[in-house]
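A short write-up of the structure that comes next.
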Amino acid sequence: MALVGASALLCPALRGNPIKPTPAPPSAPVHVSTWTPDLSLYNYPPITPATTLNAKSITELIHLKTATGLPKYPTPNEWFPLDLYQGTITREQFEQKLHRLYDPFSAFAPYLDINDSRVVIYPAPQERRCAQFVLDFAPPNQPRPPMRWFRTPEEFRAEIHPLGKPLNGLRVAIDPGHIGGPWAQMEERSTRYRGSAPVQEGDLNLITGRLLKQELTQLGASVFVVRDSTEPVTPYRPDDMLPQARELLLKHSSHITSLSAMPPDSLNLVLGHRLIDLAEFLFYRCSEIEERGNRIRNNFVPDITVTLYIDATPGSGRGHLTTANANIFFVHGSYTKSEIADAGMRQHCIYKMVEGSSDIEAEVAASIANVFTQKTGLKPVGYGDSNTTRQVIPGNSYVVARNLAANREYAGPVVCTEPYFMNNDVVYQRLLAGDYEGEKPFNGKNYGSIFREYADCVAQGLVRAYASPTVIAGANNVPTSSGQAK
């Protein structure tokens with residue numbers, strides 16, 4: 001659907017607080033180049049993994065306050081939270097991350113003015129009177145540690161953990177992707193093949209999330225699950241999105257003058273299904289994802305966030321089954337030119353660069369991918385270096401960077417798991433069978449529950465990343481030479 005391709009341009013404009021039916025006009029950019037902070041007032045305390053183990057939420061950590069209880073941020077500029085990262089990255093590190101991972105299509109350069117001491121970010125290539133933000137670089141080879149609440153796998157491995165609890169104390173947030181239930185049709189995530197029962201991805205991810213939480217808890221991890229039902233996390237609904245949808249459609253219409261003069265009811269009739277489709281999209285893709293990110297920030301301090309999805313071929317939406325099957329795992333990066341054109345996207349991009357989570361994402365994603373490969377024998381989806389993705393680990397095609405909503409909106413390291421093709425003939429039968437103990441035959445071969453297999457792979461991938469190599473759960477399912485599990 002065309003609206004899905006437009007998600008990168010639509011969602012950032014609605015970030016911040018939960019989406020309101022009538023958004024306030026954006027704040028005017030602040031000319032930060034003439035602003036001098038009072039260092040005695042804005043002396044940020046160090047935020048390190050060691051000092052945050054008992055924190056209740058990310059929001060509690062980064063919403064710094066003065067002695068009077070007022071926020072320490074002296075400006076409404078949305079870029080100002082990046083002030084916590086001043087001097088934490090060198091010019092060489094910044095440019096390497098920008099060109100290799102986050103902006104491989106070289107779209108950000110017109111918005112930047114870079115020298116050895118700082119980078120200035122401007123609101124538009126032609127608008128350089130007022131900077132949106134100035135990020136000071138660290139001297140070469142002398143960056144100070146950034147504000148960081150999450151532990152690296154190396155740091156966690158250095159800790160002592162009880163026998164049988166290799167993930168003891170690891171903080172894992174789980175986001176079972178999509179919504180499911182009565183919302184699955186709207187999400188375009190409900191499909192049936194050959195007259196059988198429908199499969200709804202939101203429901204399937206929920207089953208996997210419950211099993212994964214149980215397994216990680218048994219391994220000693222502290223787990224936060226974003227949702228445990230097929231009800232939206234956001235308090236808003238599609239009707240609440242109609243004002244934004246009208247505004248966006250008018251903004252991109254060649255008849256904006258005549259349409260703007262019409263009464264809302266008449267305009268709704270003219271816009272027709274485009275208005276309804278866009279309002280629904282803003283609800284389930286933008287508002288829902290944003291609120292899930294808020295739920296994590298306001299209730300948990302994750303070392304790693306794992307989002308759960310199931311892949312499919314393009315023919316899935318047309319009810320086509322296939323013999324093809326593959327796995328893919330996403331980390332954050334690879335902003336396209338159209339995405340960089342959006343101010344919210346540029347802010348996200350810079351924040352993710354200085355946050356320092358990219359290496360962790362790649363390491364954890366590779367560990368999870370290795371376990372999936374050993375258990376399923378499936379090849380990677382052939383993204384590689386495409387017009388939306390970048391391969392991040394030499395020789396490993398299972399892990400690619402892509403600017404996905406969840407990876408972008410959630411704070412800290414995020415790994416998006418998207419194994420299997422839902423419309424693969426055997427996978428579809430296993431999904432319809434639900435969760436079960438033992439094995440069942442499909443197409444002449446015995447398989448365990450695909451949900452338990454999925455949860456096992458993620459859990460053991462985290463063990464490999466954060467603890468040490470271990471026996472794969474369900475080791476009797478190792479792949480044969482034909483690539484199918486026994």
Side-chain angles (χ1 to χ4, degrees), residues 7-9 11-12 15-16 47 58-59 61-62 78-109 111-112 114 119 121 132-133 135 137-138 143 145-152 173 175 289-290 292-294 296-297 301-307 329-365 388-393 399-416:
S7 62
L9 298 178
C11 295
R15 61 184 302 277
I47 299 176
I58 299 173
T59 302
L61 291 171
I62 64 177
E78 286 189 342
W79 289 75
F80 191 76
L82 284 165
D83 191 58
L84 289 165
Y85 296 92
Q86 297 287 8
T88 63
I89 188 170
T90 66
R91 176 180 182 175
E92 180 181 7
Q93 291 171 329
F94 180 90
E95 292 187 317
Q96 182 183 44
K97 285 186 176 183
L98 185 68
H99 302 312
R100 178 182 61 85
L101 181 61
Y102 292 98
D103 181 32
F105 307 104
S106 302
F108 216 145
Y111 299 87
L112 305 177
I114 301 180
V119 55
I121 300 103
Q132 286 185 305
F133 193 71
L135 179 68
F137 292 138
M147 183 273 288
R148 179 165 60 84
W149 64 85
F150 46 86
R151 289 165 286 184
T152 67
D175 177 27
I289 295 294
E290 182 179 332
R292 292 188 188 197
N294 289 337
I296 296 173
R297 279 186 289 272
V301 185
D303 291 303
I304 185 74
T305 296
V306 179
T307 66
F329 306 89
F330 295 104
V331 297
H332 192 57
S334 192
Y335 285 69
T336 66
K337 290 185 177 181
S338 61
E339 290 165 351
I340 289 295
D342 180 87
M345 285 289 184
R346 295 195 298 275
Q347 183 188 357
H348 275 297
C349 181
I350 297 295
Y351 177 83
K352 281 295 185 179
M353 287 176 60
V354 297
E355 182 187 52
S357 59
S358 58
D359 290 343
I360 298 173
E361 291 179 346
E363 180 178 352
V364 176
T388 59
T389 60
R390 276 298 179 270
Q391 189 169 316
V392 298
I393 303 172
V399 180
V400 296
R402 188 174 182 180
N403 181 22
L404 298 174
N407 300 61
R408 181 177 66 248
E409 291 287 345
Y410 302 172
V414 183
V415 173
C416 174

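Quantities reported herein were computed from a predicted structural model and do not represent experimental measurements.
- For Arg346 (side chain) and Ala341 (main-chain N/O), a donor-acceptor pair under 3.5 Å exists by modelled atom type.
- For Glu95, the salt bridge (Lys or Arg N to Asp or Glu O under 4.0 Å) criterion is met by Arg91, not counting sequence neighbours.
- Panel note: side chain Arg402, backbone Leu404; no donor-acceptor pair is recorded below 3.5 Å.
- When all heavy atoms of Val392 and Arg100 are compared, the pair lying nearest together is O-NH1, 4.4 Å.
- A donor-acceptor contact shorter than 3.5 Å links the side chain of Gln391 to the backbone of Ile393.
- Tyr335 OH to Arg408 CZ: the interatomic distance, rounded to the nearest 0.5 Å, is 6.0 Å.
- Between Gln347 and the options Gln132, Lys352, Glu78, a side chain to side chain contact (heavy atoms under 4.5 Å, CB included) holds for only Glu78.
- Among all heavy-atom pairs drawn from Ser358 and Tyr102, the shortest one is CB-OH, 3.5 Å.
- At least one donor-acceptor pair closer than 3.5 Å links the side chain of Lys97 to the backbone N or O of Met353.
- A donor-acceptor distance shorter than 3.5 angstrom exists from the side chain of Glu361 to the backbone of Val414, with no hydrogens or angles considered.
- In this view, Asp303 and Arg151, Arg171 satisfy the salt bridge (Lys or Arg N to Asp or Glu O under 4.0 Å) rule, not counting sequence neighbours.
- Here the closest non-hydrogen pair linking Ala401 and Ser334 is O-CB, 3.5 Å.
- Using the six-membered ring where Trp is involved, Tyr351 and Tyr85 have ring planes that are perpendicular, over 60° apart on the 30 and 60° scheme.
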For Gln86 and Leu135, what are the C-alpha separation, side-chain angles and deciding distance, and is it a side-chain contact (heavy atoms from CB on, under 4.5 Å)? CA-CA 6 Å; Gln86 297 287 8; Leu135 179 68; 3.7 Å; yes

